[in-house]
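One structure below.
Just so it is clear: chains get the letters A, B, ... in the order the sequence lines come, proteins before strands, and each one is counted from 1. These figures come from a predicted structure and were not determined experimentally.
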Amino acid sequence: MAADSSQYLDVLNPEQREAVLHRGNPLLILAGAGSGKTRVITTKIAWLIRECGVDAASILAVTFTNKAAREMAARARLIDERSDRAMLRTFHSFGAWFLRRYGSRAGLEPGFTIYDDDDAAALTTTLMPGAPQAEVKQTARRISRAKDYFLSPDDPGLDAIDHRASFRAIYRAYEEKLAAIGNVDFGDLIKKPVEILRGDAEIARRFHERFRVFLVDEYQDSNVAQFELLKALYGEGAYLCVVGDDDQSIYRFRGAEVRNILEFPGRFPGVDIIRLERNYRSVAPILRLASAVVDHNRGRLGKNLRAERGTGKLPTLVFLADQEAEAVFAAKLIENSLAAGEGTARYTDWAILYRTHAQSLGLETEFLRRRIPYRIVGSLKFYEREEIKDALALLAFMLNPRDEIAFRRVVNKPARGVGGATVERIITEAFAITGAARDDAAGFLPPEIPRAASPAGDLAAAAKRLLPALTAKARAGLGTFLAAIEAGMEELTGAEASAGNDGGTDGNDSNGDSAKKVPRGKRGGGTRKAAASGLRSGEGLSRCLVTLVSRAGIAEHYAARDEIEGDSRIGNLQELVNGASLYPDSREGLAEFLEHIELDRSLEEGEAGGNGNAVTFITLHNTKGLEFRRVIMTGVEQGIFPREDKKDDDLEEERRLFYVGVTRAMDELYLTSCAMRRMYGRAMPMEPSLFLREAGRENLRVLGETPYGFGRAAGGNPAFRAGAPGGGRAAGSGRAGKASSDGKWKTGERLYHDDYGYGAIIRIDESEDGPVISARFDTGKEIRFLSESQSRRFTKIGEDF
DNA sequence: TAGTTTTAAGTTTTT
DNA sequence: CTTAAAACTA
């Protein structure tokens with residue numbers, strides 16, 4: 001551990017060493033895949049502390065994922081323990097840290113919770129009543145994008161995202177509502193700190209003094225707002241070093257701006273550039289394949305990766321019949337390698353890569369059947385489960401009684417007679433308090449409602465006020481809900497009497513008070529009700545969660561489902577409860593728990609089976625920064641990878657994603673491409689990916705039945721289109737019916753549909769969403785459908801069928 | 001309103 | 001095929 005010498009620098013190559021020892025001007029490190037950039041950053045942190053007298057606490061290192069942050073912290077600590085005091089975070093986690101301390105400058109209380117994309121969409125729904133779900137989703141996405149680009153509702157630049165005045169109006173309303181609720185979304189975690197730093201010279205000064213060194217990893221995937229944050233934090237004489245690779249920029253869809261790295265030299269004065277082009281990870285043929293493909297991109301800085309490891313096995317391309325065959329191939333390949341290999345061969349050497357999470361399903365089935373251990377990286381599924389979202393909504397509402405989204409989700413779950421009308425009434429009442437609270441300043445508020453107990457928008461307080469005015473059924477149901485929330489509050493140590501506690505005696509009996517008298521750590525199991533639901537509470541926050549979920553009836557609601565489903569849902573809730581036991585049972589602990597869940601969902605799922613020796617299943621995006629001895633990249637088919645609608649810049653991004661995937665492999669790389677794939681439960685013929693042709697035959701060893709058109713002289717022809725489904729014009733001769741504007745349909749043509757059977761087109765209309773096809777089926781049923789979205793389901797069978 | 005049945009829609013990629 | 005929304009019935 002290089003205790004007293006500078007041995008730790010000896011392992012570096014000349015460029016790496018230059019990068020580590022660099023000081024002064026801002027530095028851009030262009031680090032190719034596998035060129036040791038993590039080593040450079042961690043070594044640099046240690047070197048600054050040891051050799052330059054830099055205080056570790058004045059270093060801020062920003063990474064892209066929590067996992068990378070943890071790994072970097074561990075590696076820096078190995079070189080010098082003092083690196084522990086450096087701040088190593090993701091941009092978003094830094095933003096949350098900032099806002100918990102200085103958010104009050106933007107009207108935030110420290111107990112805010114973070115809305116994920118689903119919550120943001122739910123909030124948008126309340127602003128667009130009656131709008132189709134797809135439109136709401138699109139609007140929510142655009143709002144999120146606007147924040148990535150640091151655009152506020154009144155910014156002229158917003159036109160580039162959506163030029164409609166209606167969009168601005170909804171965005172503005174969204175911001176107002178979010179502010180009224182008192183929460184933030186992901187974009188706010190970056191945008192608000194910038195606004196605070198810009199608006200408050202004193203805070204800015206404090207940060208400029210505190211942080212003297214900035215290190216940014218994966219800089220090619222930073223967005224405009226993150227760049228602004230960096231600029232706002234950066235003070236006179238500080239040191240800035242960013243590391244990235246323009247060929248690995250794969251988050252454009254999320255607002256990542258490659259220009260951040262391409263134009264970095266122009267944005268800061270006197271930037272120095274160091275290139276790391278020696279690749280220590282992959283054997284030469286793998287690197288050649290990667291370069292051959294990414295070379296087809298325009299607009300890149302360009303670099304020359306050299307394979308320090310020398311030559312090795314040629315990557316193998318395997319053509320297969322369908323995804324079942326693909327799963328079998330992957331499983332057998334791994335089994336064989338372990339059987340043939342010495343005792344050193346391990347499942348962990350292997351990773352299976354895919355473009356979308358959905359593709360993991362077929363692989364899982366096969367691996368379970370063969371009892372091959374695997375783990376899935378980065379699947380969000382756990383936190384997307386209904387029961388988990390319900391439990392989290394209860395916690396979030398407890399922390400922030402203004403959380404309308406959480407309230408809507410759980411107030412009537414399970415159904416307890418609190419319908420839509422009642423919910424709207426409560427929300428209106430709560431927001432009416434906004435006005436009342438202003439009146440309060442003038443002394444108009446009835447004295448029996450203390451100001452502190454009913455801050456504007458407090459839904460719990462509003463609900464309580466409305467109780468007497470409701471029907472007996474609604475009153476009882478709402479009472480249960482409020483009692484559950486209060487019971488949960490009772491479980492928090494130091495929970496003072498707040499909004500709820502003046503009313504119902506309900507929360508003040510038995511276990512709330514008595515529990516507090518029991519010393520921490522000596523408490524027994526859950527309450528009686530909890531026992532009935534089968535949930536066991538442990539330490540800390542878990543008691544509160546169990547109480548909440550049990551009293552609210554959520555646990556029983558799911559336990560009452562059929563045995564298999566109920567067991568699994570209760571099991572999931574139990575897992576969440578176990579997680580909560582690691583946090584203190586205070587409001588701070590609760591906020592921390594929720595923040596951790598929002599910002600770091602990198603749970604690993606699957607059958608890893610204890611010792612951690614398992615094959616890795618992972619999306620291409622999630623592999624960033626990782627490496628594996630042996631990689632199988634699946635689904636290398638046109639339409640899957642690249643996705644069908646990709647062209648121009650988006651296609652280039654897919655190509656970079658291919659490059660990222662390929663360069664994860666150290667020793668062996670396999671690519672699989674299926675002739676047929678089941679999508680949406682239907683068999684679809686597939687063609688090999690464009691990238692395979694770009695890779696060049698000489699860079700691949702090909703196995704399996706080569707599809708027509710593959711491997712011929714390229715010449716830019718659409719060779720892969722042979723036998724393509726669904727495209728082209730309506731077949732056939734015969735009567736000339738009226739054709740649709742997209743050329744796919746004409747009247748008189750016969751159709752087949754899985755549910756409706758056989759029928760014929762009787763009419764074609766043109767709408768702004770494209771052609772609308774009307775068909776009468778042999779059952780007598782008439783159906784109208786949009787050509788654009790439905791053409792997959794209605795199959796043409798020709799007129800004389 | 002609640003619960004059930006029918007019908008449409010969906011799959012990027014992630015902090 | 002799976003899940004979400006809409007339509008319908010009690």
Side-chain angles (χ1 to χ4, degrees), chain A residues 62-69 89-96 114-118 120 125 130 132-134 136-137 141 144 147-148 184-190 218 221-223 225-226 249-256 353-362 377-380 383-386 412-423 471 473-474 477 595 597-602 618-624 635 639-646 650 653-654 656-657 660-661 677-684 753-756 781 783-786 788-790 792-793:
Chain A
V62 186
T63 61
F64 197 72
T65 63
N66 293 285
K67 193 175 177 181
R89 286 172 180 267
T90 64
F91 267 115
H92 289 89
S93 130
F94 175 81
I114 301 162
Y115 275 174
D116 65 14
D117 288 350
D118 281 342
T125 304
Q133 207 57 34
V136 172
K137 276 247 175 72
R141 217 181 354 255
S144 162
K147 293 190 177 186
D148 290 339
V184 298
D185 60 19
F186 275 116
D188 287 341
L189 292 176
I190 311 298
E218 307 284 8
D221 282 319
S222 61
N223 62 34
Q226 287 162 342
S249 170
I250 54 176
Y251 285 101
R252 210 175 85 95
F253 70 93
R254 204 177 79 187
L353 279 45
Y354 37 77
R355 181 67 177 78
T356 65
H357 282 298
Q359 288 165 255
S360 74
L361 266 168
V377 174
S379 160
L380 306 179
Y383 294 107
E384 279 173 1
R385 291 177 201 280
E386 191 182 356
N412 194 32
K413 194 163 187 173
R416 38 172 94 93
V418 187
T422 310
V423 171
T471 63
K473 201 165 73 169
E595 177 175 318
I597 285 171
E598 287 305 335
L599 295 184
D600 186 5
R601 296 185 164 184
S602 58
I618 189 167
T619 63
L620 284 154
H621 281 85
N622 265 323
T623 62
K624 191 157 77 153
I640 299 274
F641 188 29
R643 280 188 66 80
E644 53 197 329
D645 44 341
K646 299 289 171 163
D650 289 336
E653 176 145 314
E654 296 273 310
R656 292 191 292 267
L657 190 55
V660 168
R677 188 171 287 274
R678 207 165 274 284
M679 295 169 85
Y680 310 121
R682 278 186 153 223
M684 299 288 287
H753 184 278
D754 282 346
D755 297 332
Y756 309 130
K781 189 159 189 156
I783 298 288
R784 281 161 64 81
F785 65 92
L786 272 177
E788 168 159 332
S789 59
Q790 294 296 304
R792 278 211 188 115
R793 287 180 180 82

Who pairs with A:A68 by side-chain contact (heavy atoms from CB on, under 4.5 Å), at least two apart in sequence or on another chain? A:T63, A:T65
Please name all residues satisfying side-chain contact (heavy atoms from CB on, under 4.5 Å) with A:T125, sequence neighbours left out, ordered by chain then number. A:Q133, A:V136
Quote, to the nearest angstrom, the C1' distance that separates C:dA5 from B:dT12. 22 Å
Taking only the side-chain nitrogens and oxygens of A:H357, find out if one of them lies under 4.0 Å from OP1 or OP2 of B:dT14. yes
A:Y251 OH to B:dT12 P, in whole Å, measures 15 Å
Length of the line joining A:F186:CZ and B:dT15:P, which is rounded to integer Å: 8 Å
Verify the contact: side-chain N or O of A:N66 to OP1 or OP2 of B:dT15, cut-off strictly under 4.0 Å; return yes or no. no
Under the side-chain hydrogen bond (donor to acceptor under 3.5 Å, both in side chains) test, residues paired with A:S222 that sit two or more places apart: A:N260
Nearest whole angstrom, please: distance from the C1' of B:dT14 to the CZ of A:F91. 15 Å
Using a cut-off of 4.0 Å on non-hydrogen atoms, how would the nucleic acid contact of A:Q133 be classed: base, sugar-phosphate, or nothing? sugar-phosphate
Specify the separation, in whole Å, of atom CD of A:Q226 and atom C1' of B:dT15. 8 Å
Which residues pass the side-chain hydrogen bond (donor to acceptor under 3.5 Å, both in side chains) test with A:R252, sequence neighbours left out? A:D650
What class does the angle between the rings of A:F253 and A:H621 fall in, given that below 30° is parallel, 30 to 60° is tilted and above 60° is perpendicular? perpendicular
Ring-on-base stacking between A:F64 and B:dT15, under 5.5 Å between centres and under 30° between planes: is it there? no
Under the side-chain contact (heavy atoms from CB on, under 4.5 Å) test, residues paired with A:R682 that sit two or more places apart: A:D754, A:T795
Under 3.5 Å, N/O pairs linking protein and nucleotides 2-4 of chain B:
{"unit_1": "B:dA2", "atom_1": "OP1", "unit_2": "A:G417", "atom_2": "N", "d": "3.1"}

Quick one: stems involving DNA chain B, counted as three or more successive Watson-Crick or G-U pairs, both distances short of 3.5 Å. B:1-10 with C:1-10
Rounding to a whole Å, what distance do you find between A:H621:NE2 and B:dT15:C1'? 13 Å
Base, sugar-phosphate, or nothing: which does A:T65 touch, judged by heavy atoms less than 4.0 Å apart? sugar-phosphate
Rounding to 0.5 Å, atoms OH (A:Y354) and CG (A:L361) come to a distance of 9.5 Å
Minimum heavy-atom distance A:L599-A:N66, with the two atoms named: O-ND2, 2.8 Å
Residues passing the side-chain hydrogen bond (donor to acceptor under 3.5 Å, both in side chains) test with A:T356, sequence neighbours excluded, are A:Q359
Contact interval (first through last nucleotide) of DNA chain C with protein chain A, 4.0 Å heavy-atom: C:dC1 to C:dA5
Short N-O contact, A:R254 and A:D148, less than 4.0 angstrom: no
Just verifying a value: how many Å separate A:N223 CG and A:I190 CD1, rounded to the nearest 0.5 Å? 7.0 Å
With a 4.5 Å heavy-atom cut-off, do A:Y115 and A:D188 have their side chains touching? no
Any side-chain N or O of A:T619 less than 4.0 Å from the OP1 or OP2 oxygen of B:dT14? yes
A:K413 atom NZ is separated from B:dT1 atom C1', nearest whole Å, by 16 Å
May I have the distance from A:K624 (atom NZ) to B:dT14 (atom C1'), rounded to whole angstrom? 10 Å
Atom NE2 of A:H92 and atom P of B:dT14: how far apart are they, to the nearest Å? 14 Å
Among A:D185, A:L189, A:D116, which residue meets the side chain to side chain contact (heavy atoms under 4.5 Å, CB included) test with A:E598? A:D116
Taking only the P atom of each, what is the distance from C:dA6 to B:dT11 in whole angstrom? 15 Å
C:dA4 versus B:dT13 - spacing of their P atoms, nearest Å: 15 Å
Along nucleotides 5-11 of chain B, 5' to 3', which nucleotides get a B, which get an S, and which get a -, given that the test is a protein heavy-atom distance under 4.0 Å? --SSBBB
Taking only residues two or more places apart in sequence, or in another chain, which ones meet A:E218 in a salt bridge (Lys or Arg N to Asp or Glu O under 4.0 Å)? A:K37, A:K624
Using a heavy-atom cut-off of under 4.0 Å over every strand shown, decide if A:N622 touches base, sugar-phosphate, or nothing. sugar-phosphate
Who pairs with A:E386 by side-chain hydrogen bond (donor to acceptor under 3.5 Å, both in side chains), at least two apart in sequence or on another chain? A:K413, A:Y558
